[in-house]
Amino acid sequence: MLDIALIRSKPDWVKEQIDKLNDEGTLARIDAIVELDARRRETRTRVETAQAARNRLNRAMGMLRGNKKMSNDEKANRAQLAAVALGTGDYEGAGRLLEGSAAAAGDDNSDSKTAFDALIGELRKMGDAIDAGFQQIDAIEAELQENMLWIPNLPHASVPVAESEDYNIPGQMQGDLREFDFEPKPHWELGPALDIIDFERGVKLAGSRYFTLKGWGARLQRALISFFLDEARDNGFSEVYVPYIVHGEMLYGASQFPKFEDTVYKLADEEKYLIPTAEVGIANLHRDEILEEANLPLHYVAHSPCFRSEKASAGRDVRGMKRVHQFEKVEMFTFTTPDTSYDELENITEYAEKICAKLEIPYRRLEIVTGDLGFSATKKYDIEMWAPGCGEWLEVSSCSNTEDFQARRAMLRYYPSGTRKTRYLHTLNGSGLATPRVMIAIMENYQRSDGSIVIPDVLRPYLGGADIIN
RNA sequence: GGAGAGGUGGCCGAGUGGUUUAAGGCGAUGGUCUUGAAAACCAUUGUACGGUUCUCCGUACCGCAGGUUCGAAUCCUGUCCUCUCCGCCA
């Protein structure tokens with residue numbers, strides 16, 4: 001979520017930034033937000049002032065009733081006069097009468113019950129108006145919040161401005177392309193031939209875009225997960241294990257909701273959801289907490305299955321296991337201070353690249369342009385591996401700085417050293433890495449003419465020393 | 001799943017519908033004292049939003065959401081969570 005104060009003070013500048021994102025439809029929300037924000041503050045000031053008067057009068061009436069030093073006649077007289085004052089809108093005068101700081105002139109000998117009934121009647125009228133005011137505020141704030149939740153994060157000044165993913169800027173390829181003396185095959189041929197991927201039985205169990213792994217295929221995936229976690233740990237990330245089913249609020253916190261609500265699987269009997277990434281769990285670990293700057297940054301890593309309905313990608317990448325409903329991923333996540341978050345983005349991206357290098361698969365870094373930034377990132381790099389079988393670059397990692405965008409939603413804060421004034425954290429996430437596409441890249445890069453696959457050196461310790469799958 | 005008990009500040013823990021503007025304690029921070037430390041004593045002590053603009057003022061928050069009332073931490077309803085016992089289970 002953006003800072004409402006930023007929108008309030010520089011609405012036109014915010015619109016210019018959003019315009020770079022090629023995100024149609026949200027510009028109009030900025031005008032709505034500015035208007036709602038003004039109305040909200042005006043209404044809140046008015047209603048809260050009335051509420052302050054009401055609180056004072058209620059308290060004063062209670063104290064008057066319980067005052068043992070005052071005669072019943074004087075109490076009744078004061079209540080009666082206060083009721084009259086309230087009828088004319090004189091809260092201050094009524095307050096002083098009830099608190100005893102104003103003399104109760106005259107003595108009309110009112111009956112005690114009648115006097116207090118009149119006073120209570122006036123207070124009730126006041127209360128009704130205030131309740132209506134608070135309802136108005138609730139309605140305005142709900143509408144404001146709804147609009148705010150749909151506004152994407154703004155791009156960092158260093159992000160190249162371009163309208164779509166077609167203009168993302170690829171970096172230099174790292175590593176060497178394999179030279180094949182045969183036509184390299186795609187993984188959807190290699191896998192079934194070696195009987196390590198079984199697409200048909202995945203479909204039988206759960207439908208299209210599901211797959212099963214068998215034998216060395218299943219072991220290879222498990223080896224990758226362990227390798228990724230160990231690498232992250234060596235880079236200073238602490239491993240956590242998070243629930244795969246979470247409350248809806250967590251998805252708002254990680255900024256999946258409301259925009260991507262239909263990409264997430266919901267449980268039938270509960271208001272809970274299957275996570276689309278471990279990021280959801282980690283991002284909310286410190287929800288509603290206030291951390292100390294001395295303990296920052298915090299680096300976490302978690303492995304989890306990821307569940308994605310892929311409704312928006314119908315018809316794309318249907319072949320093989322490049323785009324599936326369930327896959328395994330290791331996710332790195334960093335909580336840090338605003339002044340270090342861009343350094344941390346470079347770090348997390350370099351860690352992801354280091355893993356690619358260790359697997360000895362050609363890869364490159366893609367600098368993401370404004371039109372492809374997505375909803376929550378201010379700056380993003382993708383890491384792609386080359387897959388010679390299907391002849392394309394596969395995104396195996398995506399590393400983003402969201403600055404305080406998630407932090408505002410999930411209330412992730414810290415006390416800067418030496419102060420007690422809270423500030424929002426900056427959060428970063430990066431895959432490290434996602435298994436199906438890495439498996440594709442391994443199979444297609446390490447294949448041999450006889451259809452067997454060489455196991456990358458770094459994975460052999462995780463596979464009992466085996467060096468080949470055949 | 002069944003029965004019972006309970007959710008109050010960073011922690012513990014009081015709290016008969018109205019001087020509760022949440023007691024008291026612990027912890028933390030600052031100060032006094034001390035060669036230094038401890039002890040003792042004094043002071044301060046949450047979050048969000050709004051107003052003000054460097055200092056205060058106001059509103060809300062006692063798990064969450066409703067309700068009753070002039071007024072709710074306190075009464076009522078629902079709900080979530082925790083604990084104990086039983087059942088089931090890896």
Side-chain angles (χ1 to χ4, degrees), chain A residues 1 3-5 7-9 33 36-70 75-76 78-80 82-87 91-92 94-95 97-101 112-142 144-145 148 243 245-250 252 267 269-272 286-295 404 407-425:
Chain A
M1 204 149 60
D3 181 1
I4 184 78
I7 298 178
R8 187 187 302 151
S9 62
I33 286 167
L36 286 163
D37 175 56
R39 201 138 53 86
R40 162 179 173 270
R41 284 151 63 214
E42 181 273 317
T43 310
R44 188 167 271 286
T45 303
R46 178 167 55 77
V47 175
E48 286 187 352
T49 303
Q51 174 73 330
R54 177 208 208 186
N55 284 345
R56 175 189 175 192
L57 291 165
N58 272 322
R59 192 161 50 234
M61 185 181 80
M63 285 164 64
L64 178 70
R65 277 189 154 172
N67 188 336
K68 296 198 173 79
K69 292 180 183 165
M70 194 181 281
K75 288 180 190 176
R78 284 180 179 276
Q80 181 65 43
V84 171
L86 278 184
Y91 302 144
E92 180 59 34
L97 281 161
L98 295 176
E99 284 161 1
S101 61
S112 179
K113 184 174 185 319
T114 312
F116 275 96
D117 282 352
L119 177 58
I120 286 169
E122 289 299 331
L123 286 169
R124 179 187 287 130
K125 271 193 251 173
M126 209 178 154
D128 289 346
I130 290 166
D131 287 348
F134 277 119
Q135 276 177 29
Q136 230 179 316
I137 291 171
D138 287 347
I140 294 169
E141 290 189 343
L144 180 61
Q145 177 75 356
M148 288 295 284
I245 294 172
V246 295
H247 293 299
E249 299 89 84
M250 304 307 133
Y252 279 98
L267 299 195
D269 299 329
E270 296 181 83
E271 286 290 319
K272 291 180 184 172
H286 296 291
R287 168 179 275 266
D288 297 325
E289 294 178 18
I290 305 174
L291 307 177
E292 296 291 341
E293 181 171 4
N295 299 328
D404 60 7
R408 283 180 191 282
R409 290 172 170 235
M411 292 301 274
L412 311 168
R413 294 155 296 168
Y414 75 103
Y415 290 121
S417 301
T419 79
R420 289 282 99 177
K421 185 161 166 48
T422 60
R423 264 190 98 173
Y424 289 106
L425 292 161

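Order of the sequence lines fixes the chain letters, A, B, ..., with proteins taken first and strands second; residue numbering starts at 1 for each chain.
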Nearest atoms (heavy-atom pairs only) where A/Glu249 meets A/Arg287 = O-NH2, 2.9 Å
If you take all heavy atoms of A/Ala407 and A/Leu425, which pair is closest and at what distance?
-> CB-O, 3.2 Å
Protein and nucleotides 19-21 of chain B: nitrogen or oxygen contacts under 3.5 angstrom:
none

Atom pair [atom1]/[atom2] of [X] and [Y] - distance to nearest 0.5 Å:
X: A/Thr45; Y: A/Arg40; atom1: OG1; atom2: CZ; result: 9.5 Å
X: A/Met1; Y: A/Ile7; atom1: CE; atom2: CD1; result: 9.5 Å
X: A/Tyr414; Y: A/Arg423; atom1: OH; atom2: CZ; result: 4.5 Å

When both hydrogen-bonding distances must be under 3.5 Å and the geometry is Watson-Crick or G-U wobble, what is [N] paired with, if anything?
N: B/rU59; answer: B/rA48
N: B/rU20; answer: none
N: B/rG71; answer: none
N: B/rG36; answer: none
N: B/rG30; answer: B/rC42
N: B/rG4; answer: B/rC83
N: B/rC88; answer: none
N: B/rG66; answer: B/rC76

I'd like the [atom1] distance from [M] over to [N], given in whole Å.
N: B/rA3; M: B/rU59; atom1: C1'; answer: 43 Å
N: B/rA72; M: B/rG18; atom1: P; answer: 11 Å
N: B/rC62; M: B/rG10; atom1: C1'; answer: 16 Å
N: B/rG6; M: B/rG87; atom1: C1'; answer: 22 Å
N: B/rC85; M: B/rU21; atom1: P; answer: 41 Å
N: B/rC75; M: B/rC89; atom1: C1'; answer: 41 Å
N: B/rG2; M: B/rC88; atom1: P; answer: 15 Å
N: B/rC12; M: B/rG66; atom1: P; answer: 27 Å

Distances under 3.5 Å between protein N/O atoms and the N/O atoms of nucleotides 44-46 of chain B, please, pair by pair.
none

Can you name the residues that form a salt bridge (charged side-chain N to carboxylate O under 4.0 Å, His left out) with A/Asp3, not counting sequence neighbours?
-> A/Arg408
Could you list the residues that satisfy salt bridge (charged side-chain N to carboxylate O under 4.0 Å, His left out) with A/Glu289, not counting sequence neighbours?
-> none
Find the distance [X]:[atom1] to [N]:[atom2] and express it as a whole number of Å.
X: A/Lys421; N: B/rU53; atom1: NZ; atom2: C1'; result: 13 Å
X: A/Glu141; N: B/rA48; atom1: CD; atom2: P; result: 15 Å
X: A/Ile4; N: B/rA48; atom1: CD1; atom2: P; result: 17 Å
X: A/Ile137; N: B/rC61; atom1: CD1; atom2: P; result: 13 Å
X: A/Glu292; N: B/rG10; atom1: CD; atom2: P; result: 13 Å
X: A/Leu64; N: B/rG18; atom1: CG; atom2: C1'; result: 11 Å
X: A/Leu98; N: B/rG18; atom1: CG; atom2: C1'; result: 13 Å
X: A/Met148; N: B/rC49; atom1: CE; atom2: P; result: 11 Å

Under-4.0 Å salt bridge between A/Arg39 and A/Glu42 | no
Sequence neighbours left out, what passes side-chain hydrogen bond (donor to acceptor under 3.5 Å, both in side chains) with [X]? Give chain and number order.
X: A/Asp117; answer: A/Lys113
X: A/Glu293; answer: A/Ser417
X: A/Arg78; answer: A/Glu74
X: A/Arg41; answer: A/Asp37

Using a 4.0 Å cut-off on protein heavy atoms (strictly under), produce a 5'-to-3' string for nucleotides 65-76 of chain B with B for base contact, S for backbone-only sugar-phosphate contact, and - for none.
-> -----BS-----
Which residue lies more 5' along RNA chain B, comparing A/Arg413 with A/Lys272 via nearest heavy atoms = A/Arg413
For residues 51-61 of chain A, run the donor-acceptor check on the side chains, cut-off 3.5 Å, and write out each pair with its distance to 0.1 Å, sequence neighbours left out.
residue	atom	partner	partner atom	Å
A/Gln51	OE1	A/Arg54	NH1	3.2
A/Arg56	NE	A/Glu99	OE2	2.8
A/Arg56	NH1	A/Glu92	OE1	3.0
A/Arg56	NH2	A/Glu99	OE1	3.0

Show each protein N/O and nucleotides 56-60 of chain B N/O combination with a separation under 3.5 Å, one pair to a line.
residue	atom	partner	partner atom	Å
B/rG58	N2	A/Glu48	OE1	3.1
B/rU59	OP1	A/Asn55	ND2	3.3
B/rU59	O2'	A/Glu48	OE2	3.4
B/rA60	OP1	A/Gln51	NE2	2.8

Under 4.0 angstrom, heavy atoms only, what part of the nucleic acid is A/Arg423 near: base, sugar-phosphate, or nothing?
-> nothing
Reckon A/Met126 touches a base, only the sugar-phosphate, or nothing at all at heavy-atom distances under 4.0 Å?
-> nothing
With a distance cut-off below 6.0 Å to the six-membered ring centre and an angular limit of 45° from the axis, does A/Arg65 pair with A/Phe116 as a cation-pi contact?
-> yes
Applying ring-ring contact (aromatic ring centres under 6.0 Å, His included), name anything that partners A/Tyr252, two or more places apart in sequence or on another chain.
-> A/Phe257
Taking the side chain as every heavy atom from C-beta outward, state whether A/Ile290 and A/Tyr415 have any atom pair closer than 4.5 Å.
-> yes
